Protein chains: 2
Amino acid sequence: MISSIAELISDRIGTMPAGERRAAQTLIANYPLTGLKTVAEFSTAAGVSSPTILRFVARLGFQNYPEFQSALQDELAAQLQSPASRTLDPSSTGGAASPMLEATLDNMRETFRHLTDKQLADIAARLAERRGKTFLIGGRFTDPLARYMAAHLAIIQPDVYHLAGQESIWRDRLIDMGKRDVLVIFDIRRYQESLVRFAEKAHQRGVQIILFTDQWLSPIARFARHVIAGRTAVPSAWDSSAALFVVAETLIGAVTRQLEAAGAKRIRDLESLR
Amino acid sequence: MISSIAELISDRIGTMPAGERRAAQTLIANYPLTGLKTVAEFSTAAGVSSPTILRFVARLGFQNYPEFQSALQDELAAQLQSPASRTLDPSSTGGAASPMLEATLDNMRETFRHLTDKQLADIAARLAERRGKTFLIGGRFTDPLARYMAAHLAIIQPDVYHLAGQESIWRDRLIDMGKRDVLVIFDIRRYQESLVRFAEKAHQRGVQIILFTDQWLSPIARFARHVIAGRTAVPSAWDSSAALFVVAETLIGAVTRQLEAAGAKRIRDLESLR
DNA sequence: GGAGCGCTGTATCTTATGTTACGTATTTTG
DNA sequence: CAAAATACGTAACATAAGATACAGCGCTCC
């Protein structure tokens, strides 16, 4: 049963065209506030035109935009009035422990709250497909995440490549990329120009892009087939990539399970590793 | 100081005429949703006319109605994202969400429960000391964590090196290491022989070792000055490094703060980065 | 009890928002 | 590779929203 608009969206996001999917992702990333703004604001936030927004809400089953906004407001009202379930904290940690830890845990819950099992399953299925090659790359601080994921994926399937080093090096690798291939990109603020350029070129070649970004969405989102928006705010001078890290681990686990279920011969060797 | 519109209202409600007071009460009673609707809806809800609503928001200091609504939305956005009021009701996200996530969150709480603030502060202080060089290295799956930490530390202080590549390469770097230096090692099961050998030799040269490992403790622990034991068990074919990742981020934040407090000139340039 | 002031609502106007139609670009299919 | 179908954006349109002017009413204070 579908009880919230967010669920409704993640349920149908797979059947949406690119533009509407971007609208959906933008809304989910900052749910539900973007939906309470005007069509014009929503459209610029998502980087699409107003009609696309209207088509998006129409596809969700609403007659018009105001009706959609009313639904969001009703939902929000219910949420705000719910028996202030705050302080639910198991207090096993005592709360006071570390503000950094608390913020990180919240980021993870929030990140996964906007991420449905189906989305994860879809992405994992795409990664488990063995049609083409898998490339991974990240930005200044997120490249280690790309490496981490690559280190695992490379064991359970062939043709997994981490793109390292200078921009010129990976730009040349574009030659190897085509429609059947997948590119996993990690990009959080401040978004890197070089990565955006690279993503655009890869997209032009038909490469399917899976983007790990923050809640404000890297500009790469416009080229991406799948977008994972993780929360990054913590009481520190730096942004936190921990939520994205956990999503990555979850995906690694999911891909492994799928390949296992498919009986890939390579997986049996895994046993000897453990 | 007045931080929310609700406070602003209750502050001035005494000076308002009857009609506007009804508007104020209606808004407070269903805060802030009534304020997000149209003027017409607001007015009928309060049982007054539209101009009264507009006079009401004008009295609060807003130039026009949209400006008032934007302020409410900003407030709501902050509220929805702040950890305290997050409703993450156990029914919708709860338990069922992702066993992977739940296990990871547990791991983090457990990891930090066995990690005192003092330990973290001590380690951060050691890393913030600028007496010698800082080297970081990790195992097959944990090396990305070493990279991640190195990427951050290298910005806020000089002489931070990540040891990459073949074993022979970093073995030769031992020549550069001495009593004043720190070596951060990440090593979880299955513990790597090469890392143990390396740690032992570094230890013999007087290098202080900070070890990130799992709860069963890598053999390197016997050489380490500080040991951080993170929980790694998750329902997956792989172990999770997420808890260690969060500890690493916490340390990065702590080191940054300490250097900031010490007024390190290098830190001031950080501003330009953000 | 009467005059002045202030609050409130009705009606009108203006703005900008949501909507629709249509041509172009892109993707999919045979 | 060609043709059809689908998706997207530009621009014009209609509508509903917020803003304003003005008159009526109640209240207070002399």
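Model, not experiment: these values are computed from the prediction. In what follows, chains are A, B, ... by sequence order, proteins preceding strands, each numbered from 1.
Classification of the B:Phe141-A:His152 ring pair by plane angle, with boundaries at 30° and 60°, yields parallel. Note: A:Phe245 and B:Phe245 have parallel aromatic rings, judged against thresholds of 30 and 60 degrees for the angle between ring planes.
A:Glu167 and A:Ser194 share no side-chain donor-acceptor pair at under 3.5 Å. Checked by atom type, the side-chain pair A:Asp187/A:Ser218 shows a donor-acceptor distance below 3.5 Å.
By the 4.0 Å N-to-carboxylate-O rule, A:Arg113 lies close enough to A:Glu110 to be salt-bridged with it. With respect to the salt-bridge test (charged N to carboxylate O, under 4.0 angstrom), the residues A:Asp122 and A:Arg126 do not qualify. Residues A:Arg189 and A:Asp239 are paired through a salt bridge, judged by an N-O separation under 4.0 Å between the basic side chain and the carboxylate.
Interface limits on DNA chain C: the 5'-most and 3'-most nucleotides within less than 4.0 Å of chain A heavy atoms are C:dT17 to C:dT20. In 5' to 3' order, the nucleotides of DNA chain D bounding all contacts with chain B (an atom under 4.0 Å from a heavy atom) are D:dA17 to D:dT20.
An end-to-end axis angle of 40° holds for the helix from C:dG1-D:dC30 to C:dG30-D:dC1, taken from five base pairs per end and rounded to 10°.
The two residues A:Ile185 and A:Ala199 have their closest heavy-atom pair at CD1-CB, 3.6 Å. Of all heavy-atom pairs spanning B:Leu33 and A:Leu76, the tightest one is CD1-C, 4.0 Å. Counting all heavy atoms, side chain and backbone alike, B:Gly253 lies closest to A:Ser236 at CA-OG, 3.7 Å.
Checking each of A:Val184, A:Ile220, A:Ile228 against A:Leu211 for a side-chain contact (heavy atoms from CB on, under 4.5 Å) leaves exactly one that passes, namely A:Ile220.
Of the residues in residues 38-51 of chain A, A:Val48, A:Ser49, A:Pro51 come within less than 4.0 Å of DNA chain D through at least one heavy atom, sorted by number. For the contact set between residues 60-70 of chain B and DNA chain D, defined by any heavy atom under 4.0 Å, the members are B:Asn64, B:Tyr65, B:Pro66.
Contact annotation: the side chain of B:Phe56 approaches that of B:Met16 to within less than 4.5 Å [non-hydrogen atoms, C-beta and beyond]. Counting only heavy atoms from C-beta outward, the side chains of A:Ile137 and A:Trp170 approach each other to under 4.5 Å.
With a 6.0 Å cutoff to the six-membered ring centre and a 45° limit on the axis angle, A:Arg173 does not count as a cation-pi contact of A:Phe135.
Residues meeting the side chain to side chain contact (heavy atoms under 4.5 Å, CB included) test with A:His203, sequence neighbours left out: A:Ile209, A:Phe223.
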